[in-house]
2 protein chains.
Amino acid sequence: MSRTPAGTGRAARVPTTPPTLADVAERAGVSRQTVSNAVNNPDLLRADTLARVLRAIDDLGYSPNRAARNLRTRASHLIGMRISPAQEGTANATMDRFVHSLVETSREAGYHVLLFAGDADDPLTGYDDLLRSTAVDAFVVTDTYLGNPQAAWLEERRAPFVAFGRPWDNPAAEHPWVDVDGAAGTDLATSYLLDRGHQRIAWIGWRKDSWIGEDRRSGWSRALHARGLPTTGLASRVEDTVSSGAEASAVLLDEAHPTAFVCASDTLAMGVLRTLGDRGLVPGRDISVIGFDDSQVAQVVWPGLSSVRQPLEDAAVEIVTALEGLLAHPPTVGPGVMLTPTLALRGTS
Amino acid sequence: MSRTPAGTGRAARVPTTPPTLADVAERAGVSRQTVSNAVNNPDLLRADTLARVLRAIDDLGYSPNRAARNLRTRASHLIGMRISPAQEGTANATMDRFVHSLVETSREAGYHVLLFAGDADDPLTGYDDLLRSTAVDAFVVTDTYLGNPQAAWLEERRAPFVAFGRPWDNPAAEHPWVDVDGAAGTDLATSYLLDRGHQRIAWIGWRKDSWIGEDRRSGWSRALHARGLPTTGLASRVEDTVSSGAEASAVLLDEAHPTAFVCASDTLAMGVLRTLGDRGLVPGRDISVIGFDDSQVAQVVWPGLSSVRQPLEDAAVEIVTALEGLLAHPPTVGPGVMLTPTLALRGTS
DNA sequence: TGCTCACCTTGGAACGATCAAGACGATCCC
DNA sequence: GGGATCGTCTTGATCGTTCCAAGGTGAGCA
C-alpha cells in the first residue's frame with residue numbers, strides 16, 4: 001500500500017472530531033439539555049430515558065469537552081502545585097511520595113494536579129499567570145520552610161489555596177493549612193530512645209533560621225526535659241549535608257559522649273553513620289541513630305536507618321478535604337490540621 | 001466595623017470577575033479582535049495601537065481565559081503524564097528528577113504538566129478519559145518497562161504522545177520516543193573498571209523478563225567480550241531488592257571471585273555494599289561497585305556509590321521537542337532519540 | 001371533559017476566546 | 001483617475017457546554 005501524499009491523507013488519518021453533546025442527543029433522540037442532565041443530574045431523568053442516553057454516550061464514547069465545561073462553569077477542576085528543583089546530595093525525597101498521594105487523592109475528588117515550576121529566587125513565579133487565566137481552581141502551597149510569601153500574596157488576592165506547612169511567621173493567618181507535627185516526631189524518637197535506657201541523646205539539626213528545624217529540635221529537648229535530663233552541650237546546628245552531619249557528630253562524640261543521636265533529617269543521620277563507621281562503632285549496638293523523613297536512603301542503607309515518617313498520605317487527604325471545602329458554595333474554611341508522624345524503626349536503634 | 005451578613009458581603013469579598021478581552025477592548029478603544037491580535041499576532045497591529053492595547057492589558061491585569069481559548073483552539077497546552085506509586089524500599093528516584101525537568105522544559109515551550117494516577121494493574125486508566133474530554137494535548141508515557149500496552153493503545157487512537165523508553169516489543173512502532181542507552185551506560189561502567197585493571201567483573205541484574213534489565217546486562221557483557229574476557233558464571237539475575245543484591249553478591253564472591261560488580265540498579269548495588277561490609281571488605285579498595293541511576297542513595301551513602309547517571313534533563317528536552325513537532329501543523333514525527341548516560345564516580349570504584 | 005400539578009423536555013442565551021471574512025482608507029500602478 | 005493592493009481594524013459566527021425560563025406531556029382528580 002503506497003502512502004498518500006502529505007496533506008490529503010487517508011480518511012483514518014484525519015483526526016476525527018470527538019463526539020459532542022449534540023451527537024449524543026441526536027442518537028438518543030433527546031435534546032442536548034437532557035444529555036447534560038444525564039451526565040450531571042441523573043435524578044432528573046426518567047429511568048428509561050436515562051438508560052437510553054447512557055447507552056448512546058457509551059456507544060459514541062462521549063466525554064464532555066473539558067474546555068467548554070470549564071468555560072461555562074468557571075472551574076477547571078485543576079489544582080496547581082509548584083515544585084522546586086530536587087536537591088542533589090540530600091535524602092529529601094518526601095516530595096515524590098507527597099505528590100503521588102496528592103494526585104491519587106485529588107483524582108478521587110474529581111481533580112487533577114497541574115505542576116508548574118518557578119525560579120528559585122522568586123517564589124511567586126507561575127502563581128500569578130495561572131490565577132489570572134483561571135487555569136486552576138486552587139493551589140497547594142508546599143514550600144513554606146522560610147516564612148511564606150506565597151501565602152500572604154495568595155491570601156491578598158483571595159485565591160483559594162491550602163498550605164502544606166503551618167503559617168510559621170503569621171499564626172493569625174486565616175488560610176487553611178495542613179502540617180505534620182515535627183516536634184511530636186522528634187519527641188517520639190527521643191522518648192523511644194529514653195525508654196530503651198539512653199540518657200545522653202544528642203541532637204543534630206538545622207541552622208536557627210529554619211522554623212521547621214527549630215520545631216523538630218523542640219521535640220527533642222521537650223522529651224529530655226520531661227525526664228529531667230539536660231540538653232546542654234548535646235545539640236548542634238549545621239547545614240543539611242552529609243558531611244556537616246558527620247563533622248557535627250564527631251565533635252559531639254568527643255565532647256558530649258552521647259549514646260544516641262536524633263537528627264533533623266536523614267541526610268544528617270547519614271553523616272552520623274559515616275562518623276560511626278570511621279570510628280569502628282556499630283550503629284544500633286554502640287550508638288543509636290534516628291533520622292527524619294523516612295527517605296529511600298533510610299530504607300535501603302545497611303542496617304536500616306530508623307526514621308521519623310511523615311504521614312504524607314494522610315496529609316494529602318486532609319489537603320484535598322480542605323480544598324473541597326474551600327471550593328464549595330459557600331466556601332467553608334476549617335482550622336489548621338496537625339498530623340502526627342510515626343516512627344519507622346530499623347537497625348540503627 | 002461589623003461584619004455584614006453572609007450573602008451580601010463587602011465589595012472586596014465578592015470574588016471579582018477577571019477582566020475579559022471585551023473589557024480590554026473597551027478601555028483601549030478598539031475591538032475585541034484587535035486585542036486578541038495584540039496578544040497572539042502583535043505584528044498585525046500598528047505600533048501605537050499595540051502600545052495602547054498593551055497598556056490597557058497591563059492596567060487591567062488581563063490574562064486570556066484559558067478555558068475559552070482552549071475551547072476555540074481545541075488545544076489545552078497541557079501535557080498529561082501518568083505517575084505510578086513510588087516503590088518503597090528501593091532507590092528508584094529517577095521520576096522525581098525527570099518530572100521536574102519535564103515541568104521546567106514544558107514551561108519554556110508554553111505547556112504545563114498534568115499528572116494523573118492509575119491503577120497498578122490497568123495501565124490504561126486515566127488516559128482514556130483525558131483523551132476523550134480533550135483535557136490534554138498529548139501524553140508523555142514513561143512506564144514502558146514491560147512492553148508497552150499504552151503505546152499501542154494510544155497509537156491506535158491516534159493520540160499524540162511521546163514515550164520515554166523505546167518500543168521494546170515493537171521496533172517498528174511509529175510513535176516518537178526518547179530513551180537512554182542502558183547498554184552504553186553499563187558498558188561505560190564496565191570499561192572504566194577494565195581500564196583500572198579489573199579482569200573479573202560480575203553483573204547483578206534483573207530477571208530475564210525485563211527488557212531494560214537485559215539491555216543493561218548486554219552492555220556489561222559487550223564490554224567484557226570486547227576485551228576477550230568471559231562472562232560465564234559472573235552474572236546473576238534477581239529481584240530488585242537490597243537483600244537480593246546482598247545474597248547474589250555473596251554467592252558470586254564465593255563462586256566466581258570477582259574484583260568488581262556492575263549492577264542494574266543502585267538498590268542492588270546497596271545489597272553488594274552490605275555483603276562487602278559483612279565480610280570486612282572495603283568498597284573501592286578491595287572490591288569496586290558501580291550502580292545504576294545515580295539515586296540520592298548513591299550520593300548520600302558512604303563512601304559514595306559510583307553510578308550510571310541518566311541524562312534526564314536532556315531526555316526532557318528531547319521529549320518536549322518531539323511533542324512540539326507532534327503538535328505542530330502539519331505534525332512532524334522524527335525518529336527515536338537515544339541518549340547516552342554518564343558515569344558518576346564516587347568512592348566505590 | 002376540563003383542570004391542575006408534577007415532571008420532563010426544549011430552545012435560546014450565555015461563558016470568553018479565536019476564526020473567517022468584510023470594511024475602510026491610504027497607497028500604488030498603469 | 002480608476003481599479004487593484006495593501007495594511008489595519010471591525011463585525012458576525014463559532015467552539016461545546018451549562019444555565020434559564022418557558023413549553024410540553026401525561027396522570028390524577030373533580
Worksheet item: Any donor-acceptor pair under 3.5 Å joining the side chain of A:Arg72 to the base of C:dA14?
Response: yes
Worksheet item: Can you find a donor-acceptor pair, distance only, under 3.5 Å between A:Arg69 side chain and D:dT18 base?
Response: no
Worksheet entry | Test: A:Asp23 and A:Arg27 ion pair at under 4.0 Å | no
Practice prompt. Taking only Lys NZ, Arg NE, NH1 and NH2, and the carboxylate oxygens of Asp or Glu, determine whether A:Asp129 and B:Arg66 approach each other closer than 4.0 Å.
Written response: yes
Worksheet item: Can you check salt bridge (Lys or Arg N to Asp or Glu O under 4.0 Å) on B:Arg55 and B:Asp59, steps first, answer last?
Response: CA-CA 6 Å; B:Arg55 173 84 194 284; B:Asp59 287 348; 3.7 Å; yes
Worksheet, complete the sentence: Of the listed D:dT18, C:dG16, C:dT18, the closest approach to the B:Asn65 side chain comes from C:dG16
Item to complete: Output the single nucleotide from C:dA17, C:dT9, C:dG11 whose closest atom is nearest the side chain of A:Arg46.
Response: C:dT9
Worksheet entry | Test side-chain contact (heavy atoms from CB on, under 4.5 Å) applied to B:Phe139 and B:Val162, B:Leu131, B:Ile79, the passing residue | B:Leu131
Fill in: Test applied, side-chain contact (heavy atoms from CB on, under 4.5 Å); reference residue, B:Ile319; option that passes from B:Thr105, B:Leu102, B:Asp314, B:Val337
B:Leu102
Hey, what are the protein-to-nucleotides 22-26 of chain C N/O distances that come in under 3.5 Å?
none

Please state how far atom [atom1] in [X] lies from atom [atom2] in [N], giving the value in whole angstrom units.
{"X": "A:Arg66", "N": "D:dT18", "atom1": "CZ", "atom2": "C1'", "answer": "16 Å"}
{"X": "A:Leu71", "N": "C:dA13", "atom1": "CG", "atom2": "P", "answer": "17 Å"}
{"X": "B:Asp23", "N": "C:dC15", "atom1": "CG", "atom2": "P", "answer": "11 Å"}
{"X": "B:His77", "N": "C:dA17", "atom1": "NE2", "atom2": "P", "answer": "15 Å"}
{"X": "B:Asn37", "N": "C:dG16", "atom1": "CG", "atom2": "P", "answer": "20 Å"}
{"X": "A:Arg74", "N": "D:dT18", "atom1": "CZ", "atom2": "C1'", "answer": "12 Å"}
{"X": "A:Asp43", "N": "C:dT9", "atom1": "CG", "atom2": "C1'", "answer": "16 Å"}
{"X": "A:Arg32", "N": "D:dC15", "atom1": "CZ", "atom2": "C1'", "answer": "13 Å"}

Worksheet item: What about B:Phe116 and B:Tyr127, are their ring centers closer than 6.0 Å?
Response: yes
Discussion item. Can a side-chain donor-acceptor contact be found between A:Asn65 and B:Arg132 if the only test is distance below 3.5 angstrom?
Written reply: no
Using only side-chain N and O atoms of [X], determine if any of them is under 4.0 Å from OP1 or OP2 of [N].
{"X": "B:Ser36", "N": "C:dA17", "value": "no"}
{"X": "A:Ser31", "N": "C:dT10", "value": "yes"}
{"X": "A:Thr49", "N": "C:dT9", "value": "yes"}
{"X": "A:Asn70", "N": "C:dC15", "value": "no"}
{"X": "B:Thr34", "N": "D:dT10", "value": "yes"}

